[in-house]
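Right, one structure below, let's go through it.
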Amino acid sequence: MDDEDAEDKKALNTRFQKTDSRNKTRGEALHTALEKEETLRTIINNSQVVLFLRKNENKWPIEFVSENVANFGYMVEDFTSGRVMYRDIIYPDDLEKIEKELEKRVKSADPAFNMEYRIFTKSRDIRWINERTFIQRNTDGEITHFQGVVLDITKRKKNEEELEKTLKMQKMLTAVINNSPAVIFLWRNEKYWPAVSVSDNVIQFGYTVDDFISQTIQYGKIIHPADLEKVEEDLERSIQKGEVSFNSEYRIFTKAGDVLWVNERTFIQREGDGKVSCFQGIVLDITPRKKVEEALRKSLEMQKMLKTIINKSPAVAFIWKNMENWPSEFVSENVIQFGYTVDDFTSGNILYGNIIHKDDIKAVIENLARSIREGYDSFEMEYRIFTRDGSMRWVEERTFIQRDDKGDAVHFQGIVVDVTERKEAQEMLEIQRELGISLNTTWNLQTMLNRILDACLQIEEIDTAGIYLKDELLDQINLVAYRGLSSEFVKSVSTYKRNSPEAGQIWTEKPVYKLDFFSEKMADLIRKEKITAVAVIPMKYRGEIIGSLNFASHTKDRISQNTRNFLESVALQVVNYIAPIRIAADLA
């Protein structure tokens, strides 16, 4: 019996040992699993990936969410307590899209789906997320849960949006350039300036882009031979001086052989060692302006009118929205020539329509509306604008009308060019023409003198005028007609003896535009009269000085070169009418 008890006891001990061994193995496995779970939890909670387990119920209540949901400002308890449902944090505009996509995936029995949409953080900021979710079903195939991984992709989305805006702006700028008169070139610093690139609108000169890029045609070879040497010398001079830009006007040949005048404005691009590598230039057809200059030069009897007509301002590019007063989406930096900055317009502080002259704005609106209504792709018009300092400038606008898929005008891509000098020159030509016609209709000297004064006073910067004629008998000059002078002043300046400084200056036959040639007494009278600028133009007939045209301003501190040329030309014009009548009167 004792032997049997010993055997039983031995077997029981063996069983206990085996059980302890199994329990130890299971404990070790559980410990390892818990360690792995803790490691995985730590990895997840320290990553940008947020795990969600959502029930397939109304508003998608959360059964589990990883602790790093704090990345969005929430706590785990916000969701697991039911205070916040997953549907509540989805951006409203994206909710319908998510529901439709989820429904589609469910119907097609897809096991998972991937979507990008917006959610609200706890502070109501908007974040873009990427969701990758597994659809969990029970044994009957019914959906019970959605096991999701959510990743914040806001930064990527913003970068994509910025890239899209940049590409859109680049496309719009390209359209502006290719629908404008300004042709863009990039030339290498080599003989005849071979082109690296050229804008599509080079077709206005008859050439294609490939003509230049293939080197079939080199830019220097289309420049008129009579101008090429000067262009080369002027460019080399700018390079040697270390200048960053180059500006020149010269003639080129179109592909058909016609001659055009162009204005070139070029940036000189240098390498790190200062060596010039290439030239980035804008070439603008100024042939119409040059024709006006030529007509003015002839009409003003070889006066130096051409110098006053040179347009020193390049074209300013705009992109306007088709909204009231045309807010600007883009404007080139050279808008500074009108006194404004780019930010003045793009910030919305200044609307383009607000700088247009009030007498022109209605016509601009109506003509633009007509162009849109009648289906035109472009719009051209000349009108007046105000600069930042309140002065007025004439501009020519050439605009491409951009439409959407429905044909509605959405933007205007335009070039604005300052044409003030051209308009002023045209106005002066018209004044001279009408004056010539008027003087041909009378033989009355006083009537002629009055008409001359009235014509000249149409020029904005002149508000005072007088005409002196020589009195041979008394050897003096007399004021015979005037405008804008006080009676006290007229008494003091009505007559000058031949030996006076004022009369002496006239006999020198040279125009006077300075106040300092007057005698001290006369200078004091001028100050009291509040005259700030003068022009004294001698009138010479058959080698003899017969008098002078005198003009003054109370608002300008100098008479502009443009106006000086006009007044000198008028003097040459009217002396041929005044002198014969004056001589006849003397003989009588």
Side-chain angles (χ1 to χ4, degrees), residues 165-166 168-182 184 199 201 263 265 282 284 286 288-289 311-404 406-424:
K165 288 180 181 178
T166 300
K168 182 180 178 182
M169 182 60 69
Q170 182 178 346
K171 184 177 180 181
M172 295 175 79
L173 288 176
T174 300
V176 169
I177 291 170
N178 288 330
N179 287 282
S180 78
I184 311 300
S199 54
N201 60 342
N263 176 280
R265 298 174 185 271
I282 296 176
L284 183 67
I286 59 169
R289 197 198 81 194
N311 187 351
K312 297 181 180 179
S313 60
V316 180
F318 276 94
I319 299 177
W320 300 288
K321 297 177 185 177
N322 185 16
M323 297 169 62
E324 184 178 2
N325 284 323
W326 310 298
S328 300
E329 198 164 283
F330 168 84
V331 59
S332 53
E333 293 181 3
N334 58 344
V335 73
I336 193 67
Q337 67 183 278
F338 298 132
Y340 301 105
T341 65
V342 171
D343 187 63
D344 286 335
F345 289 98
T346 56
S347 67
N349 290 335
I350 296 177
L351 301 178
Y352 186 78
N354 291 337
I355 73 171
I356 297 177
H357 196 288
K358 65 179 182 179
D359 292 340
D360 296 344
I361 186 67
K362 182 179 179 181
V364 175
I365 293 172
E366 291 177 350
N367 289 340
L368 178 58
R370 186 182 305 111
S371 296
I372 296 171
R373 187 171 59 253
E374 295 179 1
Y376 290 109
D377 292 331
S378 61
F379 165 75
E380 295 183 12
M381 189 173 177
E382 293 183 359
Y383 52 84
R384 292 163 292 179
I385 66 170
F386 288 105
T387 63
R388 187 69 175 259
D389 64 7
S391 60
M392 187 196 73
R393 306 296 291 175
W394 273 97
V395 296
E396 178 184 37
E397 177 190 333
R398 300 183 184 185
T399 289
F400 170 69
I401 301 171
Q402 183 181 357
R403 302 175 188 271
D404 59 18
K406 299 178 182 178
D408 296 329
V410 291
H411 287 90
F412 307 112
Q413 302 168 351
I415 297 291
V416 173
V417 181
D418 188 340
V419 294
T420 305
E421 291 185 357
R422 191 194 77 198
K423 295 292 285 188
E424 288 177 350

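These numbers come from the heavy atoms of this one structure, side chains and all, not from hydrogens, waters or symmetry mates.
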Between atom [atom1] of [X] and atom [atom2] of [Y], what is the distance when rounded to the nearest 0.5 Å?
| X | Y | atom1 | atom2 | answer |
| --- | --- | --- | --- | --- |
| Asp359 | Ile361 | CG | CD1 | 11.0 Å |
| Ser378 | Gln413 | OG | CD | 12.0 Å |
| Met323 | His411 | CE | NE2 | 9.5 Å |
| Arg384 | Lys358 | CZ | NZ | 10.5 Å |
| Gln402 | Lys321 | CD | NZ | 13.0 Å |
| Lys423 | Met392 | NZ | CE | 10.0 Å |

Neighbour count >12 (heavy atoms, 6.0 Å) for atom CD1, Ile356: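 Buried by this count: over 12 neighbours within 6.0 Å.
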Exceeds 12 heavy-atom contacts within 6.0 angstrom, atom CD of Glu324: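 No, because the 6.0 Å sphere around CD of Glu324 holds 12 heavy atoms or fewer from other groups.
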Ring center gap for Phe412 and Phe379 short of 6.0 angstrom: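 Judged by ring-centre distance (under 6.0 Å), Phe412 and Phe379 do not meet the cut-off.
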Considering all heavy atoms, the nearest Val335-Val342 contact: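 Closest pair (atom of Val335, atom of Val342, distance): CG1-N, 4.0 Å.
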Least distance between heavy atoms, Ala315 atom then Ile415 atom: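 Heavy atoms only, the tightest pair is CB-CG2, 3.1 Å.
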Ignoring hydrogens and angles, tell me if any N or O in the side chain of [X] forms a donor-acceptor pair with the backbone of [Y] under 3.5 Å.
| X | Y | answer |
| --- | --- | --- |
| Thr420 | Trp394 | yes |
| Ser391 | Thr387 | no |
| Asn263 | Ile286 | no |
| Ser332 | Ala317 | yes |
| Arg403 | Ile372 | yes |
| Asn367 | Ala363 | yes |

Min side-chain heavy-atom separation [X]-[Y] under 4.5 Å:
| X | Y | answer |
| --- | --- | --- |
| Phe386 | Asn354 | no |
| Ile401 | Asp377 | no |
| Thr399 | Phe318 | no |
| Tyr352 | Val331 | no |
| Asn334 | Val316 | yes |
| Leu351 | Trp320 | no |

Intermediate values then yes/no, side-chain contact (heavy atoms from CB on, under 4.5 Å), Phe338 and Ile355: CA-CA 10 Å; Phe338 298 132; Ile355 73 171; over 6 Å; no
Geometric class of the Tyr340/Phe345 ring pair [parallel <30°, tilted 30-60°, perpendicular >60°]: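 Aromatic pair Phe345/Tyr340 classed perpendicular.
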Partner residues of Asn349 under the side-chain contact (heavy atoms from CB on, under 4.5 Å) criterion, sequence neighbours left out: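 Asn349 satisfies side-chain contact (heavy atoms from CB on, under 4.5 Å) with Ser347 only.
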Set of residues satisfying ring pair (Phe, Tyr, Trp, His ring centres under 6.0 Å) with respect to Tyr383, sequence neighbours excluded: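 Residues passing ring pair (Phe, Tyr, Trp, His ring centres under 6.0 Å) with Tyr383: none at all.
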Thr341 versus Asp343, side-chain donor and acceptor atoms under 3.5 Å: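 No, Thr341 and Asp343 have no side-chain donor paired with an acceptor closer than 3.5 Å.
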